[in-house]
Amino acid sequence: MSWFEKLMPSRIRTEGGNKKAVPEGLWNKCPSCGAVLYRAEVERNLEVCPKCSHHNRIGARKRLDLFLDPEPREEIAAELEPSDPLKFKDSKKYRDRISSAQKATGEKDALVAMRGKLKGADIVACAFEFSFMGGSMGSVVGERFVRAVNAAIENNCPLVCFSASGGARMQESLFSLMQMAKTSAALNRLARRGLPFISVMTDPTMGGVSASLAMLGDVNVAEPNALIGFAGPRVIEQTVREKLPEGFQRAEFLLDKGAIDLIIDRRELRDRIANLLGMMMARNSAA
Amino acid sequence: MNLDFLDFEQPIAELQAKIQELRLVGSDNEINIQEEIEKLEGKSRSLTESIFSKLSPWQISQLARHPLRPYTLDYVERVVEDFEELHGDRTFADDHAIVGGLGRIDGRSVMIIGHQKGRDTKEKIHRNFGMPRPEGYRKALRLMKMAERFRIPVVTFIDTPGAYPGIGAEERGQSEAIARNLWEMSGLRTPIIATVIGEGGSGGALAIGVADRLLMLEYSTYSVISPEGCASILWKDPEKASLAADAMAITSRDLKGHELIDDIIPEPLGGAHRDPDSMARSLRNSLVEALDALEPEPLDRLMENRYGRLMAYGVFNNG
């Protein structure tokens with residue numbers, strides 16, 4: 001207790017207990033700058049802190065909702081559900097992990113894909129749901145991604161993917177690893193058809209997802225400060241036994257090293273991706 | 001304890017030591033102990049057979065990393081004629097964890113690409129324990145593109161704990177290097193045959209593993225993460241590696257059962273390292289067989305088949 005507090009009569013001091021008076025969820029503290037923010041305002045601001053521009057993580061459906069025109073939207077391969085080819089069990093059964101993730105997120109698996117429009121132009125967009133088992137890529141994620149690519153080819157339109165993933169899903173072991181090859185092969189086919197792929201890496205994009213579809217954009221975009229890399233920072237620290245440099249594996253670091261084309265603020269994503277695609281598709285649409 | 005034998009092989013090591021001892025005695029004296037030696041050798045053989053007939057996945061993963069296990073260049077020496085190693089990615093460096101070059105198998109030109117581990121401490125460091133950096137994958141890609149230009153089949157040998165998790169590797173785009181190889185290999189217009197000869201460690205293995213034929217030596221492993229890594233994440237305890245090895249289906253037999261690989265190449269009794277020459281002969285036969293099957297294929301059909309294989313990966317429910 002400081003001398004000043006000792007001087008003050010206790011009844012005019014602010015009590016910590018008063019916080020309970022604020023209804024839950026009405027106010028939020030920014031995890032980056034600590035500013036106390038009105039929840040509705042943050043939501044209006046696309047989950048970006050109005051004070052420091054920190055980008056909160058957002059779910060797959062919200063992501064697509066913010067990105068696509070309101071109409072029309074058609075989900076791709078929504079019927080696919082994960083299975084458990086290895087009957088995998090660690091401290092918990094994979095089956096149980098799936099059903100609790102499904103209950104918690106309302107999603108069948110960690111990728112949502114949709115046909116829709118961006119400022120009136122046809123587009124296929126998909127987004128990872130990070131809260132579904134860390135956005136990990138297993139057979140369903142791989143298959144949905146491929147179906148999204150096929151839909152883009154069918155519609156002769158571009159593909160945009162928002163990634164947020166810890167990497168391959170361990171519980172499907174080599175099946176998961178092979179999704180890296182499968183999704184990359186589909187992107188190769190998309191490229192041969194002359195259709196653009198824009199990869200938007202959001203926080204975090206790591207491991208098998210970063211080392212396959214996410215890094216294969218004709219244009220690689222990242223959201224500010226997103227963690228992007230192959231190996232996780234802790235694994236690297238344990239391997240090299242030195243402190244990692246400040247900002248290591250952050251979007252700004254990747255931009256500096258030449259791994260990505262652009263960092264785009266979430267509030268500008270729609271406009272700028274539409275602008276890029278308009279130019280990339282100019283010849284295609286004219287034909 | 002004999003370090004050339006793994007702990008579950010120690011009973012074999014003891015018998016072998018006894019045989020060795022008797023041999024020394026035998027050469028000193030005139031006593032005929034040949035019979036005794038033969039008896040012990042028979043016993044050692046049947047003991048090895050019985051131990052190796054019921055190996056656990058964790059034991060197999062130790063065999064896959066056995067300190068005496070033949071590495072890529074050991075096979076190149078025995079299988080490939082006229083080998084010329086080609087170095088460097090033309091941009092940054094020559095990564096010693098991946099070797100590549102032109103050679104002949106059964107008189108046919110091939111492009112060889114493989115992970116390379118080191119035998120002693122100095123060489124281990126030189127080879128970075130078989131963990132490539134981006135320049136290694138880019139060297140591999142350069143050689144694959146060259147092979148495509150000259151219509152030479154690509155033959156790869158997979159043997160890595162994984163891509164190197166280091167600061168420089170991240171700075172130079174480890175993710176992009178792996179992703180680019182997957183992308184390019186899926187459309188590379190020449191046959192690709194990949195063989196896992198030891199450890200198939202995740203993306204670092206797959207980056208030279210997209211193929212028209214995927215083979216595995218009997219006691220090699222292939223997995224999305226090492227058993228130790230999986231155990232420390234899912235069990236929060238790296239000591240549970242043997243459980244993780246069981247759960248992940250990492251052995252050639254399990255993966256063949258799930259139709260994730262094409263063929264298993266049987267190993268000599270006690271593993272490849274007990275008889276590298278005979279292992280190399282079987283490997284060569286399998287490679288020649290795969291080349292025979294793939295080389296006559298029209299390129300368009302080869303590419304369609306490869307794409308079909310890749311798209312077939314995955315198991316899910318259709319709602």
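Every chain is numbered from 1, with letters handed out A, B, ... down the list of sequences.
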**Asked** Mind checking whether A/Ile198 and A/Pro158 have side chains closer than 4.5 Å, heavy atoms only?
**Response**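 The answer is no, as the side chains (C-beta and beyond) never meet within the 4.5 Å cut-off.
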Under 4.5 Å, counting heavy-atom pairs only, tell me which of [options] racks up the most with chain B.
options                      : value
A/Ala231, A/Gly138, A/Gly207 : A/Ala231
A/Gln249, A/Arg189, A/Lys108 : A/Arg189
A/Met178, A/Lys257, A/Glu79  : A/Met178

Can you name the nearest heavy-atom pair linking [X] to [Y], along with the distance?
X        : Y        : result
A/Leu269 : A/Glu223 : CD1-OE2, 3.7 Å
B/Ala290 : B/Arg213 : CB-CG, 4.1 Å
B/Ala194 : B/Ile158 : CB-CD1, 4.2 Å

For [X], is it the side chain, the backbone, both or neither that has a heavy atom under 4.5 Å from a heavy atom of chain A?
X        : result
B/Trp235 : side chain
B/Val210 : side chain
B/Leu214 : side chain

Quick one: what part of [X] sits under 4.5 Å from any heavy atom of chain B, side chain, backbone, both or neither?
X        : answer
A/Ala181 : both
A/Pro233 : neither
A/Phe253 : side chain
A/Pro85  : both
A/Gln238 : neither

**Message:** If you count every heavy atom of other residues, nucleotides or ligands that lies below 6.0 Å from B/Arg189 atom CZ, does the total exceed 12?
**Reply:**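 Yes, CZ of B/Arg189 has more than 12 neighbouring heavy atoms, counting only those of other groups under 6.0 Å.
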**Request:** Check the pair A/Glu74, A/Met114 against side chain to side chain contact (heavy atoms under 4.5 Å, CB included), reporting the backbone distance first and the verdict last.
**Result:** CA-CA 5 Å; A/Glu74 186 198 330; A/Met114 283 183 192; over 6 Å; no
**Asked** Are B/Arg138 and B/Glu184 within salt-bridge range, i.e. N to O under 4.0 Å?
**Response** no
**Message:** Under 4.0 Å between a side-chain nitrogen and a carboxylate oxygen: does that hold for B/Arg309 and B/Asp262?
**Reply:** yes
